[in-house]
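Below is one structure, written out as C-alpha cells, with a few remarks after it.
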There are 2 protein chains.
Amino acid sequence: MEKTFSLSLENKIRSIAAISQESLSMLVQEIQLMHISKNEMLLTEGQFCKHVYFVEKGGIRTFMHNNDMKEINVNFTFDNSFTTELKSLRTSTPSAFFMQALEDTTVWLFEKDVLLALYAQSHEISNFGRSLLEQLLMEQEEHANMFKLQTPAERYQYLYDHQPAMLQRISLTHLASYLGISRETLSRIRRH
Amino acid sequence: MEKTFSLSLENKIRSIAAISQESLSMLVQEIQLMHISKNEMLLTEGQFCKHVYFVEKGGIRTFMHNNDMKEINVNFTFDNSFTTELKSLRTSTPSAFFMQALEDTTVWLFEKDVLLALYAQSHEISNFGRSLLEQLLMEQEEHANMFKLQTPAERYQYLYDHQPAMLQRISLTHLASYLGISRETLSRIRRH
DNA sequence: TCACACCTGTGTCAAAAGTCACAAAATTAG
DNA sequence: CTAATTTTGTGACTTTTGACACAGGTGTGA
C-alpha cells in the first residue's frame, strides 16, 4: 500500500458531483492505494466488504457461483470507475460475490466507516456519495432492462456499440455468463 | 390533491434511516397526496419525471415498449414502497418509461427540487436519500442477478417464495414480460 | 344481466439456445 | 522456444422457449 496524487481520481470525483478543493482533500485524505496482480482476488465470497473501490487502471470482474457451481459474472469494472459489493458493505454481511483482477490493477480503497464520518462532516461529500449511487443505479437499471428488451444477439451488439473497449478486455468465456448465454452461443453470435 | 398524516409513510422513512422528528417534519412538510384510479397513468413516456413517489396503498407498474411495440414491464411497486424514474429525474430528460396504476392507488409526491434543498439543510435527510438509493440499488442488483443465475421456472419460484403477495396482484400477462418470458411459457410453468 | 373486451390455458409446430464432444488457436509458464 | 494450459470455434443432437391459433373463463360497464 502507498499513497500518491491521482489526477484521474480527482477528475472522476468532480465529474460525479461539484466539490470544493477542501472537501475533495478530506475525501481523498485517508484513502489507500493497492496494486493487485492479474487473477488475484480483491474480495472473496464470505468476506465482509468494507470498502468502496475506485479502479484507477486495470479491470475487476465480480462473479458468483450458480447452482451448478459454474461461475457467473455479474459486473466488470475498468479504468476510472467506482465499484463495490453494496449488499455486504451496507448490511455488514458476508459477500455472496468474488471480485477478481482481470489484469494487473491499481485500486484506491475508500473505507466505509471513514466515508460515513465524512458524510456527516461535509454536505458536498454527502452529495457525492448520493450522486455516485444514483449513477450506479442508473447503470444497473439499464443493464437489467437489456435482458428484458433484447435478444442475446442484440445484447452483444449493444455492448459492441456502447462499450467496444470492454469487449477487447473480457474473454468470451467471461462475457457469455454476463450476457446470460452459453459460451458456444456467444461464439456463434460473434461469428455473425 | 390533499394532505393528511400518514403513519405508514413515517414508519417507512424511519425504517430506511434514523431521523429526528424535526427532520422528518421538514421532509414531509411539502409533499402532496394524490389519488389515481386503476389504469390511469402516473407518468407517460416523454414526460419529465420530477418526483420521487411513495405508494401508500395500491400498485404501480413501470413499463416501456420494445422494438415490436410490445409492453415490457420493468418494475412493480406496491403498498409502502418508494419508486421513481431515476434517469429522467436525475438527468432532466424525457422518461423512456410509462408508470400506470394497477389498482386504485394513493401516492405521496416528493418534489425533486424540494428534496435537493432539504439535502443541503439536513444531514439526516441527506442520509435518508442516500439510504433509499442504496436500498433501491440492492433490489435492482438482486433482480438483475435473477436473470443470470436462474431459469424462467426458477425465477417464478423465487417470486413465489419471496414475494407471494405480489403474485396475487399482478396479472400473468404483466408478470411474464417482467420475468423475461412469454405469456404462454409462464402459464405452463405455473401449471407445474 | 348481457355483451364485449380482456385474460388465461393449451395444442401444434418452428425457432432458439443449451449440451456434449472434440479440434484448432492462442496464451502462459518454465 | 517449447510444452502445457486455457480459450475459442464448430458439428450433431437435445431441450427449452416462442409463435400462432383458438377455446373457455373472468371481469367490467352500459
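Worth saying up front: this structure is predicted, and the values here are computed from it rather than measured. Only this structure's heavy atoms are used, side chains among them; waters, hydrogens and symmetry mates stay out.
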- Rounded to whole angstrom units, what separation is found between the CD1 atom of I189(B) and the P atom of dT17(D)? 6 Å
- Item | Between P of dT28(C) and CG of D104(A), the distance in whole Å | 11 Å
- Query: Under 4.0 angstrom, heavy atoms only, what part of the nucleic acid is R188(A) near: base, sugar-phosphate, or nothing?
  - Reply: base
- When all nucleic acid strands are considered with a 4.0 Å heavy-atom cut-off, which category describes R190(B): base, sugar-phosphate, or nothing? sugar-phosphate
- Are the side chain of S25(B) and the backbone of Q21(B) linked by a donor-acceptor contact shorter than 3.5 Å? yes
- Query: From S8(A) OG over to F54(A) CZ, what is the distance, rounded to the nearest 0.5 angstrom?
  - Reply: 4.5 Å
- How would you label the contact of R183(B) with the nucleic acid (heavy atoms, under 4.0 Å): base, sugar-phosphate, or nothing? base
- Worked check of side chain to side chain donor-acceptor pair (under 3.5 Å) between K112(B) and S92(B): CA-CA 10 Å; K112(B) 171 188 173 179; S92(B) 296; 3.1 Å; yes
- For the residue pair F63(A) and H65(A), does the interplanar ring angle fall in the parallel (under 30°), tilted (30 to 60°) or perpendicular (over 60°) class? perpendicular
- Message: Can you measure N39(B) atom CG to dG29(D) atom C1' for me and round it to whole angstrom units?
- Response: 13 Å
- Message: Between P on dT26(D) and CG on L172(B), what's the gap in Å once rounded to a whole number?
- Response: 14 Å
- Note on the structure: Walking DNA chain D from its 5' end, the first of R191(A) and E184(B) to be reached, judged by nearest nucleotide, is R191(A)
- Task: Mind calculating the distance between CG (L179(B)) and P (dT16(D)) to the nearest angstrom?
- Result: 18 Å
- Message: Below 30° counts as parallel, above 60° as perpendicular, anything between as tilted: where do the rings of F147(B) and H143(B) land?
- Response: perpendicular
- Rounded to the nearest Å, what distance is computed from the NE2 atom of residue H174(B) to the C1' atom of nucleotide dC6(C)? 11 Å
- Using a cut-off of less than 4.0 Å, is there contact between a side-chain N or O of T173(A) and OP1 or OP2 of dT6(D)? no
- Item | Rounded distance (Å) that lies between atom C1' of dC20(C) and atom NZ of K70(A) | 12 Å
- Task: Starting from P on dT7(D), measure out to CD1 on I170(A) and report it in whole angstrom.
- Result: 14 Å
- Message: Taking 4.0 Å as the cut-off, does a side-chain nitrogen or oxygen of T185(B) come that near to OP1 or OP2 on dG18(D)?
- Response: yes
- Message: Heavy atoms only, 4.0 Å cut-off, all strands: where does S187(B) land among base, sugar-phosphate and nothing?
- Response: base
